[in-house]
Student: 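The structure is given below, and queries will be raised subsequently.
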Amino acid sequence: MSQDDRHAPEDALREARRQKAQALRERGENPFANDLWPAPLAELGPLRARVSAARNDAGRYDKARVAELSGELGVAHVAGRVLMQRGFGRAAFLRLRDRTGELQLYLHEGATPQAELARLDDIQLGDVIEAEGELMATDKGELSLEVTRVRLLTKALRPLPDKWHGLADVETRYRQRYVDLIASRDAAAVFRARSHIVRAVRRYLDDDGFLEVETPTLHTLVGGAAAKPFTTHHNALDMSLFLRIAPELYLKRLVVGGLERVYELGRMYRNEGISTRHNPEFTMLEFYEAYATYETLMTRTEALFRAVDADLARRMPDEHGAWLRARPFTLDEPFARVPMRAAVERALAKASLPADVHTTIRGEGAPIKEWSRSSERAKKRIDWSNYLKGVKKCANDGEALFAAYEYLAEPFLAEDYTSADGQKSVPVFILDYPAEVSPLARRKDSDPSLVDRFELFVHGRELCNAFSELGDPEDQAARFRDQLEKKARGDEETMDYDADYIRALEHGLPPTAGFGMGIDRLVMALTASASIRDVILFPLLRPEH
RNA sequence: GGGCUGGUAGCUCAGUCGGUCAGAGCUGCGGACUUUUAAUCCGUAGGUCCCGGGUUCGAGUCCCGGCCGGCCCA
């Protein structure tokens with residue numbers, strides 16, 4: 001505790017709690033104990049599960065059935081945080097939560113000794129307690145522990161948020177996640193889901209013979225993606241370093257080295273703006289598979305999504321049902337596979353625009369005013385001014401196709417590619433990107449201006465980026481040189497020339513396909529979360545004060 | 001970076017046209033109640049109305065600036 005805290009006037013709620021703690025101390029008890037009673041702890045979830053057969057459809061428990069089913073259980077020892085408390089004369093109900101679930105504690109004169117009932121005076125919402133008692137159901141059918149012994153373990157000196165509304169202030173939710181996790185079941189569920197999702201991703205890859213590796217996060221060169229890096233410095237070597245923006249080039253070196261199926265799941269750092277879809281540090285999965293193509297990886301992507309979602313459904317069935325309904329997309333139908341050029345053409349048709357807009361716009365005097373009157377979409381929802389600005393910066397046909405895709409097609413993916421019943425969007429693979437915007441991908445054999453690459457969009461949001469890897473060291477060296485030119489022209493999101501990577505390629509990269517996916521965005525999609533901050537425990541915020 | 005929007009008790013929120021507007025519920029405290037489900041009932045305490053200026057007889061309310069958020073766009 002700092003000097004300031006100690007001398008600050010304490011609000012009445014904290015003072016009342018502090019006094020209760022002091023009263024305990026004066027009785028020779030510790031309000032911050034760690035000596036639990038020696039009996040082993042029963043977990044609340046399993047305790048509930050034990051008598052689940054006594055539960056009816058309305059969630060009420062049958063008294064007699066509970067007594068029957070909990071027969072040999074005897075006295076159970078439980079511990080957790082007090083979430084609700086109702087005094088009722090010489091009886092009381094407490095709701096207790098541990099990491100596995102919640103259970104009501106029922107204290108009353110019939111079963112609870114006077115001395116134990118008196119201890120309720122010390123216990124408040126938010127406190128951590130232990131208790132002993134037998135499982136029973138109340139007249140109203142609420143599963144309860146009929147308490148014979150109770151004890152405060154940890155006094156909470158701060159009050160919990162509103163018990164009904166919880167913590168609504170989003171800023172406080174992000175800054176004081178510990179409170180959010182106590183007060184909001186939904187928030188806690190998202191982070192449990194995240195853990196299951198990450199493990200399911202690992203399991204999918206492990207089961208298919210992929211090796212998990214760890215590569216450096218401190219890089220001497222910028223590579224593997226188009227993004228601005230954070231910089232730092234190593235004192236002993238007096239050397240500038242970049243926090244990694246992608247692990248790609250290291251992982252492909254490992255494929256050269258014979259680790260033909262590798263993956264890394266870890267934190268990346270990009271020195272860019274913050275939004276509902278961007279946090280400066282985020283978690284990415286990359287995997288590389290030798291003797292595979294981007295076609296292989298599309299099949300894998302669908303399998304991976306479905307495997308992860310099925311796992312989530314098994315582990316969190318109740319929450320998963322709610323997320324499933326909240327999701328604006330479905331994984332039940334085949335993902336759409338659309339070459340970028342076709343996506344642009346289709347989007348133009350949907351906006352009732354001429355089929356050559358994306359080429360005509362590059363010339364002088366493009367009739368944008370006339371185009372924007374073609375349809376509601378063209379008028380209100382296509383950002384012509386930024387599209388035009390973007391087109392002006394394009395140095396070649398490839399970049400122009402990409403700009404057309406970005407402004408004409410991508411904003412409408414969610415509505416243009418829907419399930420058979422039209423109720424939900426389907427995920428869309430956009431394929432065959434221009435080589436100019438894909439410096440690490442292999443050119444298509446049938447059209448060298450394009451590359452064997454896809455990105456996956458789930459309800460219009462980019463989740464994955466994958467391609468058949470460029471194994472030709474000379475082509476790769478030329479692409480690196482292009483990046484240097486872009487940098488010289490002022491582009492801040494370019495890669496450095498990585499000579500060692502070229503040397504690695506000269507030893508021979510087997511035909512390989514590689515895949516990257518934002519884990520945070522995957523969690524957002526599966527849990528129907530609106531902001532990346534809802535799936536990152538401690539998102540970056542400006543400091544308080 | 002731009003547009004819109006928010007900040008009132010520990011928490012959730014109301015506060016009209018600038019004039020008894022410093023309010024409610026929860027939480028806390030005191031009390032009643034032996035099966036509650038946001039328990040109920042009675043009583044009570046709790047405020048830098050984000051910060052700083054300005055306009056005004058008078059500002060939570062209007063204006064300007066700042067701080068910290070949210071949403072959308074870049």
Side-chain angles (χ1 to χ4, degrees), chain A residues 8-21 23 58-63 66 82-96 102-114 116-117 120-127 133 136-147 155-176 179-180 182-185 272-278 380-390 393 403 406-407 410-411 460 492-493 530-534 539-545:
Chain A
E10 209 150 53
D11 70 75
L13 297 180
R14 287 182 67 189
E15 184 53 30
R17 285 169 176 269
R18 191 174 291 282
Q19 278 172 14
K20 283 195 194 284
R60 305 283 94 183
Y61 286 78
D62 181 81
K63 231 175 159 170
V66 168
V82 176
L83 294 178
M84 284 218 239
Q85 190 175 20
R86 291 183 200 105
F88 218 93
R90 277 163 292 180
F93 302 94
L94 307 186
R95 179 156 285 265
L96 198 66
E102 297 180 5
L103 185 67
Q104 172 167 283
L105 305 185
Y106 177 38
L107 295 81
H108 65 117
E109 249 181 3
T112 318
Q114 272 304 336
E116 300 299 321
L117 274 174
L120 285 176
D121 291 343
D122 307 329
I123 294 168
Q124 294 166 292
L125 286 181
D127 289 350
M136 54 92 75
T138 64
D139 286 350
K140 297 283 167 64
E142 179 74 31
L143 189 66
S144 308
L145 201 70
E146 195 170 38
V147 170
K155 169 54 71 180
L157 293 178
R158 291 179 186 263
L160 249 29
D162 190 289
K163 69 181 176 190
W164 182 243
H165 300 94
L167 190 57
D169 184 88
V170 283
E171 185 176 350
T172 310
R173 289 187 47 219
Y174 298 151
R175 288 192 192 281
Q176 301 179 32
V179 181
D180 187 32
I182 297 170
S184 166
R185 295 295 283 158
E272 295 166 351
I274 295 177
S275 80
T276 46
R277 288 181 294 280
H278 299 85
K380 295 209 171 132
R381 301 181 49 217
I382 293 174
D383 185 349
W384 290 104
S385 68
N386 279 312
Y387 178 24
L388 192 61
K389 234 184 273 176
K393 278 191 263 182
E406 264 191 308
Y407 287 96
E410 195 183 296
E492 289 177 289
E493 298 185 351
S531 169
I532 198 167
R533 295 185 201 93
D534 296 325
L540 184 67
L541 299 172
R542 282 180 209 275
E544 290 179 85
H545 308 305

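Letters A, B, ... mirror the listed sequences (proteins, then strands); counts begin at 1.
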Student: Could you let me know what B:rA38 is paired to, Watson-Crick or G-U wobble, both distances under 3.5 Å, or none if it's on its own?
Tutor: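 Base partner found: none.
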Student: What integer number of Å spans the P atoms of B:rU16 and B:rU20?
Tutor: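 Looking at atom P only, B:rU16 and B:rU20 are 11 Å apart.
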Student: Please list, chain by chain and in numerical order, all residues satisfying side chain to side chain contact (heavy atoms under 4.5 Å, CB included) with A:Arg60, sequence neighbours excluded.
Tutor: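 With neighbours one apart ignored, the set is A:Asn56, A:Ala58, A:Glu142.
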Student: Round to a whole Å and report the spacing from OH of A:Tyr106 to P of B:rC33.
Tutor: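 Going from A:Tyr106 (OH) to B:rC33 (P), I get 15 Å.
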Student: Tell me whether A:Glu492 at atom CD has more than 12 heavy atoms from other residues, nucleotides or ligands lying less than 6.0 Å away.
Tutor: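 No - once you tally the heavy atoms of other residues, nucleotides and ligands closer than 6.0 Å, there are 12 at most.
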Student: Which nucleotide, if any, forms a Watson-Crick or G-U wobble pair with B:rA24, using both distances under 3.5 Å?
Tutor: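 Here B:rA24 is engaged in a pair, and the nucleotide opposite it is B:rU12.
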Student: Between B:rG46 and B:rA22, how far apart are the C1' atoms? Round to whole Å, please.
Tutor: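 Per the computed distance, 12 Å lies between those C1' atoms.
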Student: According to the Watson-Crick and G-U wobble definitions, with both distances under 3.5 Å, which nucleotide is paired to B:rG6?
Tutor: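 Checking every strand shown, B:rG6 finds its partner in B:rC68, with both distances under 3.5 Å.
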Student: For A:Asp127, is there an ion pair with A:Lys20 - N to carboxylate O distance below 4.0 angstrom?
Tutor: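 No, no charged N to carboxylate O under 4.0 Å.
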Student: With both distances under 3.5 angstrom, what nucleotide forms a Watson-Crick or G-U wobble pair with B:rG1?
Tutor: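 For B:rG1, the partner nucleotide comes out as B:rC73, under the 3.5 Å rule.
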Student: Looking only at side-chain N and O atoms, does A:Ser144 come under 4.0 Å of OP1 or OP2 in B:rU35?
Tutor: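 So the side-chain polar atoms of A:Ser144 never come under 4.0 Å of the phosphate oxygens OP1 or OP2 of B:rU35.
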Student: Does OP1 or OP2 of B:rG69 have a side-chain N or O of A:Arg542 closer than 4.0 Å?
Tutor: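 So the side-chain polar atoms of A:Arg542 do come within 4.0 Å of the phosphate oxygens OP1 or OP2 of B:rG69, strictly under.
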Student: List every contact pair, protein side and nucleotides 3-5 of chain B side both N or O, where the distance is under 3.5 Å.
Tutor:
none

Student: On a whole-Å scale, what distance lies between the P atoms belonging to B:rC51 and B:rA59?
Tutor: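 Going atom to atom, P in each nucleotide, I get 15 Å.
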Student: Could you tell me whether the phosphate oxygens of B:rU27, OP1 or OP2, come under 4.0 Å of any side-chain nitrogen or oxygen in A:Arg14?
Tutor: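 Result: no.
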Student: Let me spell it out: for each of A:Leu160 and A:Arg60, pick the nucleotide of RNA chain B with the closest heavy atom. Which residue's pick is nearer the 5' end?
Tutor: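 Here A:Leu160 is the residue nearer the 5' end.
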Student: A:Arg17 side chain N/O closer than 4.0 Å to the phosphate oxygens (OP1, OP2) of B:rU27?
Tutor: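 Checking B:rU27 against A:Arg17, no side-chain N or O comes under 4.0 Å of OP1 or OP2.
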Student: Closer than 4.0 Å, any side-chain N/O of A:Lys163 to the OP1 or OP2 of B:rA38?
Tutor: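 Result: no.
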Student: Mind telling me whether A:Phe93 and A:Phe88 have parallel, tilted or perpendicular rings, with 30° and 60° as the class edges?
Tutor: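 Judged by the thresholds at 30° and 60°, the geometry between A:Phe88 and A:Phe93 is perpendicular.
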Student: Working to the nearest 0.5 angstrom, can you tell me the gap between A:Tyr407 OH and A:Lys389 NZ?
Tutor: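 Result: 8.5 Å between the selected atoms.
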Student: Expressed in whole Å, how much space separates the C1' atoms belonging to B:rG66 and B:rG23?
Tutor: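 It comes out at 29 Å once rounded to the nearest Å.
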Student: What integer number of Å spans the C1' atoms of B:rC21 and B:rA32?
Tutor: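 It works out to 34 Å between them.
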Student: Pairing check on B:rU55: which nucleotide meets the Watson-Crick or G-U wobble criteria with it, both distances under 3.5 Å?
Tutor: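 Base partner found: none.
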Student: I'd like the C1' distance from B:rG6 over to B:rA14, given in whole Å.
Tutor: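 Nearest-Å result for B:rA14 against B:rG6 at atom C1': 15 Å.
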Student: Please report the distance separating the C1' of B:rC26 from the corresponding atom of B:rU37, rounded so that it comes out in whole Å.
Tutor: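 These two C1' atoms come out 16 Å apart once rounded.
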Student: For A:Glu272, enumerate each residue passing the salt bridge (charged side-chain N to carboxylate O under 4.0 Å, His left out) test, keeping only those at least two apart in sequence or located in another chain.
Tutor: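 None.
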Student: Does A:Arg533 come within less than 4.0 Å of A:Glu171, counting only side-chain N to carboxylate O?
Tutor: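 Between A:Glu171 and A:Arg533 there is no salt bridge, as every charged N stays at least 4.0 Å from the carboxylate O atoms.
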Student: Looking only at atom P, what distance separates B:rG15 and B:rA9, rounded to whole Å?
Tutor: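 The answer is 15 Å between these two P atoms.
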Student: We want to know whether A:Tyr174 and A:Asp180 form a side-chain donor-acceptor pair, criterion being a heavy-atom distance below 3.5 angstrom.
Tutor: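 A:Tyr174 vs A:Asp180: no donor-acceptor pair found between side chains.
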Student: Should A:Gln85 be listed as having a side-chain N or O under 4.0 Å from OP1 or OP2 of B:rA39?
Tutor: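 Checking B:rA39 against A:Gln85, no side-chain N or O comes under 4.0 Å of OP1 or OP2.
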Student: Return yes if the base of B:rG7 and the side-chain atoms of A:Asp169 contain a donor-acceptor N/O pair under 3.5 Å, otherwise no.
Tutor: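 No such pair is found, so the answer is no.
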Student: Sort out the partner of B:rG47 for me: Watson-Crick or G-U wobble, both distances under 3.5 Å, none otherwise.
Tutor: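 Base-paired to nothing in any strand shown.
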Student: Under 4.0 Å: is that the gap between some side-chain N or O of A:Arg86 and OP1 or OP2 of B:rU27?
Tutor: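 No, no such contact exists.
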